[in-house]
Amino acid sequence: MTPVTRQEVLGLYRKIFRIAKKWQSASGQIEETIKEKEYIKNEAKTLFRKNKNVTDPKLIKLCIEECEARIEIGLHYNIPYPRPIHLPPMGLAHKQGRTLRHQEKLRKISKPIYLKSHDEVS
């Protein structure tokens, strides 16, 4: 990792913790605010630790883009949790055959950048 990339990653990490420190839940309830602050901190720690050994510059760039996207979406919607993707539920497809494979392929292709690592950790 280049020194510039390292500074960028550490800057994002610090930014997330500053956001968590000032976070207010949309409902305004103290319990909900505390719960969301803890979620933000735990999610950041988990994902940054998971990716600390990544050395491929392209993969690092993707992780940085995902982090920035999740920060922006969280701040915009005032929701710390990843927003789900909206596709027809898998229950509508047959449990075998081409239709199921086609839906799985569509679901994988249409997954937004801010959800790439969410399923791996959750």
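Nothing fancy with the numbering, it's 1 onward along the sequence.
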Checklist line | Leu47-Leu10 co-clustered via ILVMFWY side chain contacts under 4.5 Å | finding: no
Check: Does the side chain of Asn51 reach to within under 4.5 Å of the side chain of Leu59, using non-hydrogen atoms?
Finding: no
Next item on the list: Locate the shortest heavy-atom distance separating Pro80 from Tyr39; write the atom from each residue and the value.
Entry: O-CE2, 3.4 Å
Notebook entry, point to check: Rounded to the nearest 0.5 Å, what separation is found between the CD1 atom of Ile16 and the NZ atom of Lys21?
Noted result: 16.0 Å
Check: Looking at Glu36 and Ala26, what are the two nearest heavy atoms and their distance?
Finding: OE1-N, 4.5 Å
Checklist line | Nearest-0.5 Å distance, NE2 of residue His76 to CD1 of residue Ile79 | finding: 9.5 Å
Check: Do you know the tightest heavy-atom contact between Asn78 and Gln24?
Finding: OD1-O, 3.3 Å
Note to self: Would a single hydrophobic cluster contain both Ile34 and Ile40, if residues Ile, Leu, Val, Met, Phe, Trp and Tyr are joined by side-chain heavy-atom contacts under 4.5 Å?
What the structure shows: no
Next item on the list: Give the C-alpha distance, both sets of side-chain angles, the deciding distance and a yes or no for side-chain contact (heavy atoms from CB on, under 4.5 Å) between Cys63 and Val9.
Entry: CA-CA 9 Å; Cys63 290; Val9 170; over 6 Å; no
Next item on the list: Could you tell me which residues satisfy ring-ring contact (aromatic ring centres under 6.0 Å, His included) with Phe17, sequence neighbours excluded, listed by chain and number?
Entry: Tyr13
Notebook entry, point to check: Is there a side-chain contact between Gln29 and Lys35 (heavy atoms, below 4.5 Å)?
Noted result: no
Next item on the list: Would you mind reporting whether Glu66 and Leu62 have side-chain heavy atoms less than 4.5 Å apart?
Entry: no
Check: Could you give the distance from CD1 (Ile19) to NZ (Lys41), rounded to the nearest 0.5 Å?
Finding: 13.0 Å
Checklist line | Chi angles and distances behind the side-chain contact (heavy atoms from CB on, under 4.5 Å) call for Glu43, Tyr81 | finding: CA-CA 9 Å; Glu43 183 79 358; Tyr81 312 107; over 6 Å; no
Notebook entry, point to check: Which is it for Trp23 and Leu75 under the side-chain contact (heavy atoms from CB on, under 4.5 Å) test, yes or no, and what are the steps along the way?
Noted result: CA-CA 9 Å; Trp23 187 263; Leu75 291 174; 4.2 Å; yes
Next item on the list: Would you name the heavy atoms of Ala20 and Lys37 that are closest together and state the gap between them?
Entry: O-CG, 3.1 Å
Next item on the list: Output yes when a side-chain donor or acceptor of Thr33 lies under 3.5 Å from a complementary backbone atom of Ser25, and no otherwise.
Entry: yes
Notebook entry, point to check: side chain to side chain donor-acceptor pair (under 3.5 Å) with Thr55: which residues, sequence neighbours excluded?
Noted result: none
